[in-house]
Amino acid sequence: MRDTDATGDAEIYASQARSCIEGTPNAIGANTTLTLAQVGVLLPETTSIWVFIWLAMSLVVSTGRVLHYRHIRIVGIENYPADKALRELRALCLAAGCLWGAIPLAEIGGNITASTLAFSAFIVVGTTSTALTQNLSYAPANLLFMLPALPPMAVALFATGAWAAYIIGADIVLLVWLFTNQAFRNAGAYCERERLRLSALSLANSLGEANREIVAANARLGQLATHDVLTGLNNRASFNQELEQRIQALTGDGQGMALAIIDLDNFKVINDTQGHAAGDQALRKIANRFDAIRVGDQFLARLGGDEFAIIIPGPDALDVATALANSLVAKVGEPIEAGGHEPIVGASVGLALFPEHARSPNELFASADIALYEAKRRGKNRVAVFDIAMKRTLERQQRLESDIAIAISANQLGVVFQPQINLKTGDTVGHEALIRWSHPDLGNVAPPEIVAAAQNAYLDDRLTAYVLEKACDFLARLSAAGDNTSIVAINISPVEFRHSSPAQTVIDALSPRGMDPRRIEIEITEEAILDFNLAEADLSRLASIGARIAIDDFGAGYFSLASVSALPLHRLKIDRSFITGIDASPRHQLVVENILALARKLGVVAIAEGIETEAEAHTLRQLGCMEGQGYLFCRPVDAATALDRLTPKKAIASG
Ligand code: C2E
Ligand code: MG
Ligand code: MG
């Protein structure tokens, strides 16, 4: 019989077995004492051999119980199968019970008086009640001991016919009923207590488990808050904190640190051409490489995207950081297998020192960032160390970028015109429009700086529209002065083809004025032709509306003969570097001769830029160059001066 419910049945059963076994020594002790007492009661009346046989059998059973108990102890209560232990206990209890039952049934030789029987009844009731108190957990053991022992005693008492024996016999029957009830109640209460104990234990266990899970979840959250999910490196938040703490911890006296900010060059290409999964894979590999190079307490973090940072502590931080940065650049340059391809990326690194270049964490970061910007500007894939001139340059660039919008809309930019001359006749065949900016605080700004500022502020198309507007005004004034043939050239930077349509800008500027597109020439550099796919559609559109196209600074950059011949070209502008000193340089003469031959083959005009001396002009004429532009003839001048320069000639011509 098992007083358990379904949950924890096995545990409760095992606990019952344990409790029974633990009660065994007391039960055996009491049983043996009462066995001897029983023999003591019987001996004055009978010395029958059965008394001694009974005693011997009782001692055998008790010894069996002792040995059984010892065996279980040696094996270990926890290891002993509960089923087996209880089965064996039941058998031993039944054996002991049967022995007690044998006394009244056998009447031990038939010589026992009613009063001796009553004493025996007292002893057997005593021994069963002792058994009941020693085993509160398992009713079957009690019953198997009591049921063979007590009922025979009652029967024997009834059989004597004595009045007192009837009463005692009836009491024993009552006791059997009470003991049976009590045995079940004891076991029921025990099982209930056990069930409560077990559920409290399992609650405590699950609370412990939940607590462990909370601790683990907290640890994971902590990891997420301070680490980058993709690469496992420290993230920007922990980097900011670390930088601040490390700077605070510096005590002066020659202590310092360096900060390196690393930005991957052309990383976007991997994402664009091979997908984001390949990009992520490449980032993880690069992060691992950085981590492998980093040593000691150098702190590496991914700041986001393709930007990383390393804090390099130590008094000789500049040397260590420079060496580290160079090896980072070299490591990034090694091929990365990502997404089945082997993309090659580069890295630019900006270095700044504390306290030499900054007084606070923010300033240190800004200085390293300026150095990074400089590394990129110098051509990427290199290391640049911050210096104060860089900061001034950057501040100037930022100022120009923020002011250029106002300068354009407030008409503060100037456009000057440099005449282009027919070298044989001296006639002006066109003008090149060139941008000028006299900044109220910074003074004259060089045209390439103006163009860069417009590009960085994404205003390059507005700058082109501005120049075109002035060029159209100038053309209108030329026409008004009777010149209906000469052209005006404007410059368009290669970058402009990337995020806007110069053809559309030209159409938008010319259409409202009814200006003839054939009088506008667009100067592009070879760089624009390099990105031929990007520029081709726009250039063809310009050609289709009749605008002219010239290649500026020809020979100074890379050029592809295929794309040059594919373009609808009108002029090649020979770069000034070949013109300066051409009269004394056979090499320059050779280059120019070849460019002139190419121009003839392509059916386009060649114009020499930057002619400063009559000797240069003379040589160019001899080489067969038809057109030229340069200080020899005229510097870039404002529209009015350019017109004044023409008017007398036209006047003479017409007069
Ligand atoms: P570029 O298109 O090659 O323009 C010719 C440059 O050479 C002009 O410099 C001009 O002043 C200069 N130059 C002309 N003749 C001589 C000479 O005999 N000797 C010397 N030393 N220089 C001479 P500038 O005006 O400073 O422009 C420089 C560059 O800035 C231009 O080179 C052009 O690439 C760019 N740029 C100027 N204006 C604009 C513009 O409106 N838009 C764009 N996108 N770029 C412009
Ligand atoms: Mg030009
Ligand atoms: Mg040029």
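Both counts, for ligands and for their atoms, begin at 1 and track the order of listing.
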*Sort and list the pairs that fulfil salt bridge (charged side-chain N to carboxylate O under 4.0 Å, His left out) and have at least one residue in residues 588-598, not counting sequence neighbours.*
none

Note the single closest protein heavy atom to [atom], along with its residue, its atom name and the distance in Å.
atom	result
atom 36 (N) of ligand 1	Pro447 CB, 4.1 Å
atom 13 (N) of ligand 1	Tyr631 CE2, 3.9 Å
atom 15 (N) of ligand 1	Gln418 NE2, 3.0 Å
atom 44 (N) of ligand 1	Asn491 O, 3.3 Å
atom 10 (C) of ligand 1	Leu434 CD1, 3.8 Å
atom 20 (C) of ligand 1	Glu612 OE2, 3.3 Å

May I ask you to list the atoms of ligand 1 that are less than 4.0 angstrom from any heavy atom of [X]?
X	result
Val451	43 (C), 44 (N), 45 (N), 46 (C)
Val467	41 (O)
Glu523	2 (O)
Ser493	44 (N)
Gly630	15 (N), 18 (O)

Any side-chain heavy atom of [X] sitting closer than 4.5 Å to one from [Y]?
X	Y	value
Arg436	Leu413	no
Ser348	Arg382	no
Ile611	Gln629	no

*May I ask whether Glu432 has any heavy atom positioned less than 4.0 angstrom from an atom of ligand 1?*
yes

*Sub-4.0 Å heavy-atom approach of Arg576 to ligand 1*: yes

_Using a 6.0 Å cut-off, check whether atom NZ of Lys331 has over 12 heavy atoms from anything other than its own residue._
no

Short side-chain donor-acceptor distance under 3.5 Å, [Y] and [X]:
X	Y	value
Thr231	Asp228	yes
His618	Asp583	no
Gln420	Thr428	no

*Polar contact flag for Gln629 and ligand 1 (N/O pairs, less than 3.5 Å)*: no

_Using a plain distance cutoff, I'd like to know if Ile435 has any nitrogen or oxygen under 3.5 Å from a nitrogen or oxygen of ligand 1._
yes

*Compute both the distance and the angle, then confirm whether Lys470 meets the cation-pi test with Phe474: under 6.0 Å from the six-membered ring centre, within 45 degrees of the axis.*
no

*Looking at Tyr631, is Arg635 sitting on its ring face, NZ or CZ under 6.0 Å from the six-membered ring centre and within 45 degrees of the normal?*
yes

*Near the Mg ion (ligand 2), which protein N/O/S atoms fall under 2.8 Å?*
Glu432 OE2, Asn491 OD1, Glu523 OE1, Asp552 OD2

_Can you tell me which portion of Lys573 lies within the under-4.0 Å heavy-atom range of ligand 1? Options are side chain, backbone, both, or neither._
neither

